[in-house]
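Labels below follow one simple rule: chain letters A, B, ... track the order of the sequence lines, proteins then strands, and each chain is numbered from 1. Note that these values count all heavy atoms, side chains included, but never hydrogens, waters or copies made by symmetry.
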Amino acid sequence: MPELPDVELFRRRLSATSLRRRVVSVRGSDRRLVAPLAPKTFARKLNGRRFVSARRYGKYLFVRLDKGGWLALHFGMTGDLRYVRRGAASPAFARLLFEFADGGRLVFADRRRLGRLRFVADTDDFIAAQRLGPDALSGKANLRVFKATLKTRQCGVKSALMDQGAIAGVGNIYSDEILFQAGIKPKRSARTLEDKEIARIFRQMKRVLRTAIARGAGSEQLSERLPPSFLLRHRVKGGKCPRCHRPFRTLKLGGRTGYYCGHCQS
DNA sequence: TTAAGTGTTGCTCT
DNA sequence: AAGAGCAACACTTA
């Protein structure tokens with residue numbers, strides 16, 4: 001689930017609820033989630049800290065801690081970040097809870113446990129070490145850079161869009177939408193796209209991601225909140241193209257399923 | 001009931 | 001050495 005728009009909504013949620021408040025207790029016992037630290041060590045390092053700001057880059061969320069350093073969160077396939085008021089029930093699959101003095105808590109939920117939380121000294125160093133490309137919504141992801149990146153890729157355009165080292169933030173779901181809006185088939189070779197087509201993909205990438213954020217299309221209500229003209233509203237087995245009403249086709253890429261319209265995309 | 005499917009990254013093999 | 005495929009995970013759906 002969590003691609004750029006989802007993580008951006010997590011960032012806003014955290015900023016609205018959890019900044020400048022002291023963490024009085026950290027609960028959670030999943031070893032893999034906080035590796036290489038042990039859960040106890042992880043909790044001790046965070047206990048008594050305050051979150052002072054939050055930054056997103058691609059699919060990563062960074063939370064700055066008072067007294068220095070950052071917490072880096074990655075949500076894997078099923079991660080979610082929720083704020084829960086005192087007395088209210090935690091969401092299902094809650095794996096890690098940051099509790100504040102008034103009983104409110106920030107909860108990292110993750111059904112499949114593929115998410116990760118770790119301490120990092122500097123976010124830019126971390127981003128460089130991870131070899132992430134420019135964030136899809138930043139000014140650094142401009143048409144000139146985008147064109148140069150796609151032209152050097154041997155793979156299909158959908159794979160290129162999902163490559164975090166090319167552009168950070170786009171995954172399987174949103175790459176489907178971007179290519180649908182741009183009218184480009186997913187398996188077209190990235191290298192042989194015309195300049196005009198690349199410009200279309202670039203423009204739609206920005207528009208689709210901004211629209212998803214503006215509509216609050218995170219996690220559960222992803223499709224319902226998006227415009228009916230979006231592929232994502234109809235991205236189910238047997239779903240039909242909102243433009244020509246023909247059934248969508250699917251393709252497999254290393255175990256992931258992609259959707260596209262064989263008529264409207266070329 | 002059993003097996004296939006699932007929005008991620010990272011590792012292996014070619 | 002870039003690109004493809006699968007493992008990791010654990011739960012849901014067919």
Nearest listed nucleotide, side chain of A:Arg113, among C:dC9, C:dG3, C:dA4: C:dC9

Sugar-phosphate, base or nothing in reach of A:Arg116, heavy atoms under 4.0 Å: nothing

B:dT6 phosphate, OP1 or OP2, under 4.0 Å from A:Thr257 side-chain N/O: yes

Euclidean distance, atom OH of residue A:Tyr259 to atom P of B:dG5 [Å, nearest integer]: 11 Å

Selection from C:dA4, B:dG7, C:dT12 that lies nearest to any side-chain heavy atom of A:Cys155: C:dA4

Distance between P atoms of C:dA8 and B:dT2 (Å, rounded): 23 Å

Sugar-phosphate only, base, or nothing, as touched by A:Phe93 at under 4.0 Å among non-hydrogen atoms: sugar-phosphate

Candidate pair A:Tyr60 and A:Phe126, rule ring pair (Phe, Tyr, Trp, His ring centres under 6.0 Å), full reasoning: CA-CA 10 Å; A:Tyr60 283 91; A:Phe126 177 81; 5.2 Å; yes

B:dT9 to C:dT12 separation - P atoms, rounded to the nearest Å: 23 Å

C:dA10 phosphate, OP1 or OP2, under 4.0 Å from A:Arg111 side-chain N/O: no

Minimum-distance nucleotide to A:Arg112 side chain [options: C:dA8, B:dG7, C:dG3]: C:dA8

Partner nucleotide, any strand, of C:dA4 [Watson-Crick/G-U, under 3.5 Å]: B:dT12

Polar contact flag, side-chain donor to acceptor under 3.5 angstrom, A:Ser90-A:Arg105: yes

Any donor-acceptor N or O pair under 3.5 Å, side chains A:Arg246, A:His263: yes

Pairing partner of B:dG7 (Watson-Crick or G-U wobble, both distances under 3.5 Å): none

Sugar-phosphate, base or nothing in reach of A:Gly254, heavy atoms under 4.0 Å: base

Integer angstrom distance from the P of C:dC9 to that of B:dT12: 16 Å

Centroid-centroid distance, A:Phe75 to A:Phe108, less than 6.0 Å: yes

Side-chain N,O (A:Gln154) to OP1/OP2 (C:dA1) below 4.0 Å: no

